[in-house]
Amino acid sequence: MKNHMQAPTPPMGWNSWNTFFDHINEELIFTTADAMVEQGLLAAGYEYLIIDDCWSMKDRSEDGKLVPDPEKFPHGMKAAADYVHSRGLKFGIYSCCGVRTCAGYPGSFEHEFADAAQFAEWGVDYLKYDNCYRPNNQTTPMLYRRMSMALRSSGRDILLAACQWGTDDVHHWIRSSGAHTFRSTIDIQDSWKSIESIASAQIENQCFNGPDCFNDMDMLVVGMYGKGLNPETSVGGCSDEEYQTHFALWAMMNSPLIIGCDIRSMSEKTKEILTNPDLIALNQDPECRSCYQIPVYGNPDAFILVKFLHNGDLALGFFNFSDVAANVTLDFWDIGLSYASGCSLRFYDCLSHRETGIQKEFFAPRVAAHGCKIYRCSIVEN
Ligand code: GLA
């Protein structure tokens, strides 16, 4: 049992909600588990396969248990977990702190300990825990603490992924509740507008983000291209440039990386974005430093994210949220590298995977509309 951190770096995996909504079943889970291995996602670090809402019957059994929908999961949840484990992956499931889940299935309110024991018996490794249909007289800190307590007494290590949408000042109390990740925003949609607004809102919350309790900016929409069976998420789609920027933002901002597209039929470009080892290394950096933002003079839609890395390197992300290409200028003075330091920066491009040379005093890469340039830099003497 627990003698280690469950989320020393942001969790990585796949979740059924963005693309499949309530159209889930064991065939989908088995074939997705196969694809996670065969497409190289597990090797890239994506280890959790998470079933979201709509997996159970609409009512509990007479003895109060959650019952898997026999049409969707004819062999039950233990069989699903066993298959996922047999592929070297970890198994995630979904419940809610209210009386019902957001889609109207039974929630875990007042069933926390029995449900946690049931999840442990099935072999669950990760619980996404939502916030719908919560009785008005119950506060969220208490209900997340309670499920945390239930999981910790279940006899199995189960990561608690709180899904509380950033309400009730969640950043301030969630770490003390025992949760390992916390959703900080409303649901993401497959659109540039949604990506932009989530990222912009969470930059100021980076200071609350850290090992074993990461700010979850919601599941990735990379590779959805406006497709999918979820009418709430599938609202038009994005360009590859925008998906690349989305992934780079989530990586730089230490968000969990939970894929939401159908990985069984993903394009080569989607796979390239999702498995970029240089961006994943920034997200999984063992020191888990928060990034900070440098504004760009004269261009309110551009900014730079800066993050210290454990080996002494520095990650620099140049982002352009405007609708036209722009030069995004960073004066090294603004990140503490003064003229008197006698130092410059050596740049490695995390998107082209190439060294791009040494820059002195400033750097101003050209960045496409809604695009980004991401570098790993080392400090060198002049
Ligand atoms: C909420 C969550 C989503 C998803 C749905 C399921 O909206 O924020 O991520 O889990 O519920 O009903």
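We use all heavy atoms of the structure for the numbers below, so side chains are in, but hydrogens, waters and symmetry mates are not.
Using modelled atom types and a 3.5 Å distance limit, the side chains of Gln118 and Asp115 yield no donor-acceptor pair. Under 3.5 Å, the side chains of Ser234 and Asp190 contain no donor-acceptor pair of N or O atoms. In the model, Asp349 has no side-chain atom that pairs as donor or acceptor with a side-chain atom of Thr356 under 3.5 Å. A donor atom on one side chain and an acceptor atom on the other are not found under 3.5 Å apart for Gln206 and Ser290.
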Asp59/Lys65 under salt bridge (Lys or Arg N to Asp or Glu O under 4.0 Å): CA gap, chis, key distance, verdict: CA-CA 9 Å; Asp59 291 304; Lys65 291 196 166 163; over 6 Å; no
Audit row: Leu309, Leu282, side-chain contact (heavy atoms from CB on, under 4.5 Å) steps and yes/no: CA-CA 8 Å; Leu309 302 170; Leu282 302 184; 3.7 Å; yes
Worked check of salt bridge (Lys or Arg N to Asp or Glu O under 4.0 Å) between Glu196 and Lys193: CA-CA 5 Å; Glu196 185 185 20; Lys193 193 164 163 270; over 6 Å; no
Side chain to side chain donor-acceptor pair (under 3.5 Å) between Ser344 and Asn382, worked out: CA-CA 6 Å; Ser344 300; Asn382 290 335; 2.3 Å; yes
Evaluation steps, side-chain contact (heavy atoms from CB on, under 4.5 Å), between Ile203 and Leu305: CA-CA 9 Å; Ile203 290 172; Leu305 293 181; 4.3 Å; yes
Side chain to side chain donor-acceptor pair (under 3.5 Å) between Ser194 and Ser191, intermediate numbers included: CA-CA 5 Å; Ser194 171; Ser191 72; 4.6 Å; no
Salt bridge (Lys or Arg N to Asp or Glu O under 4.0 Å) between Glu38 and Arg264, worked out: CA-CA 9 Å; Glu38 283 149 22; Arg264 302 168 307 171; over 6 Å; no
Candidate pair Cys132 and Cys102, rule disulfide (SG to SG under 2.5 Å), full reasoning: CA-CA 5 Å; Cys132 283; Cys102 298; 2.1 Å; yes
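Among residues at least two apart or in separate chains, salt bridge (Lys or Arg N to Asp or Glu O under 4.0 Å) pairs with a member in residues 281-305 are Glu287-Arg289. Sorted by first then second residue, the ring pair (Phe, Tyr, Trp, His ring centres under 6.0 Å) pairs that include residues 62-113, not counting sequence neighbours, are Phe30-Tyr83.
What you find for Phe21 and Glu232 is that their closest heavy atoms are CE1-OE2, 4.1 Å. The shortest heavy-atom contact between Ser341 and Ser338 is OG-O, 2.7 Å.
Within a 6.0 Å sphere centred on CZ of Phe362, heavy atoms belonging to other residues, nucleotides or ligands number 12 at most. More than 12 heavy atoms of other residues, nucleotides or ligands shown are found within 6.0 angstrom of NZ on Lys271. Within a 6.0 Å sphere centred on CZ of Phe208, other residues, nucleotides and ligands contribute more than 12 heavy atoms. By the 6.0 Å contact criterion, CG on Asn136 is open, its count of non-hydrogen atoms from other residues, nucleotides or ligands being 12 or less. Atom CG of Leu229 has more than 12 heavy atoms from other residues, nucleotides or ligands within 6.0 Å. Taking a 6.0 Å sphere around OH of Tyr297, one finds it holds 12 or fewer heavy atoms contributed by other residues, nucleotides or ligands. Summarising the local packing, CZ of Arg175 is surrounded by more than 12 heavy atoms from other residues, nucleotides or ligands at distances under 6.0 Å. Within 6.0 Å of atom CZ in Phe308, 12 or fewer heavy atoms from other residues, nucleotides or ligands are found, so the atom counts as exposed in its surroundings.
Side-chain contact between Tyr292 and Ile335: present, with at least one pair of heavy atoms (C-beta onward) separated by less than 4.5 Å. Side chains of Tyr126 and Gln6 form no contact here, defined as non-hydrogen atoms less than 4.5 Å apart. Counting heavy atoms from C-beta on, the side chains of Pro141 and Ser177 never come closer than 4.5 Å. Contact annotation: the side chain of Phe303 never approaches that of Pro295 to less than 4.5 Å [non-hydrogen atoms, C-beta and beyond]. Contact annotation: the side chain of Ile294 never approaches that of Asp331 to less than 4.5 Å [non-hydrogen atoms, C-beta and beyond]. The shortest side-chain heavy-atom distance between Cys96 and Tyr133 does not fall under the 4.5 Å cut-off. Between Lys128 and Met219 the shortest side-chain heavy-atom distance falls below 4.5 Å. Put simply, the side chain of Arg134 reaches to within 4.5 Å of the side chain of Thr140, judged on heavy atoms.
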When the side chains of residues 363-380 are checked against the rest of the protein, which donor-acceptor pairs come out under 3.5 Å, sequence neighbours left out?
residue : atom : partner : partner atom : Å
Arg366  : NH1  : Asn327  : OD1          : 2.5
His370  : ND1  : Glu242  : OE2          : 2.6
His370  : NE2  : Trp192  : NE1          : 3.4
His370  : NE2  : Asp323  : OD1          : 2.7
Lys373  : NZ   : Arg366  : O            : 2.6
Arg376  : NE   : Asp313  : OD2          : 2.9
Arg376  : NH2  : Asn311  : OD1          : 3.2

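Residues passing the disulfide (SG to SG under 2.5 Å) test with Cys291: none are found, sequence neighbours excluded. With sequence neighbours excluded, the residues forming a side chain to side chain contact (heavy atoms under 4.5 Å, CB included) with Ala120 are Ser154, Arg156, Ile158, listed by chain and number. Residues satisfying the disulfide (SG to SG under 2.5 Å) criterion with Cys54, sequence neighbours excluded, are absent altogether.
To the nearest 0.5 Å, atoms CE (Met266) and OG1 (Thr275) are separated by 7.0 Å. Note that CG of Asn15 and CD1 of Ile258 are 7.5 Å apart. Values are rounded to the nearest 0.5 Å. Interatomic distance, Leu330 CG to Glu361 CD, rounded to the nearest 0.5 Å: 12.0 Å. Separating the CG atom in Leu89 from the CH2 atom in Trp14 is a distance of 11.5 Å, to the nearest 0.5 Å. Here CD of Gln244 is found 5.0 Å from CD1 of Ile273. Values are rounded to the nearest 0.5 Å. In this structure, CE in Met77 is found 9.0 Å from CZ in Phe119, a value given to the nearest 0.5 Å.
Each of Asn283, Leu257, Asp216 was checked for a side chain to side chain contact (heavy atoms under 4.5 Å, CB included) with Trp250, and the lone residue meeting it is Leu257.
Between the side chain of His180 and the backbone N or O of Leu160, at least one donor-acceptor pair lies under 3.5 Å. Proximity of a side-chain donor or acceptor of Asn320 to a complementary backbone N or O of Val324 within less than 3.5 Å is detected. At least one donor-acceptor pair closer than 3.5 Å links the side chain of Asp212 to the backbone N or O of Ala7.
Taking the charged nitrogens against the carboxylate oxygens, Lys90 and Asp157 have no contact shorter than 4.0 Å, which rules out a salt bridge.
Using cut-offs of 30° and 60° for the angle between ring planes, the Phe319 and Phe321 rings count as perpendicular. Ring pair Trp55/Trp122 is perpendicular by interplanar angle, where above 60° counts as perpendicular and below 30° as parallel. Ring planes of Trp173 and Tyr144: tilted class, angle from 30 to 60°.
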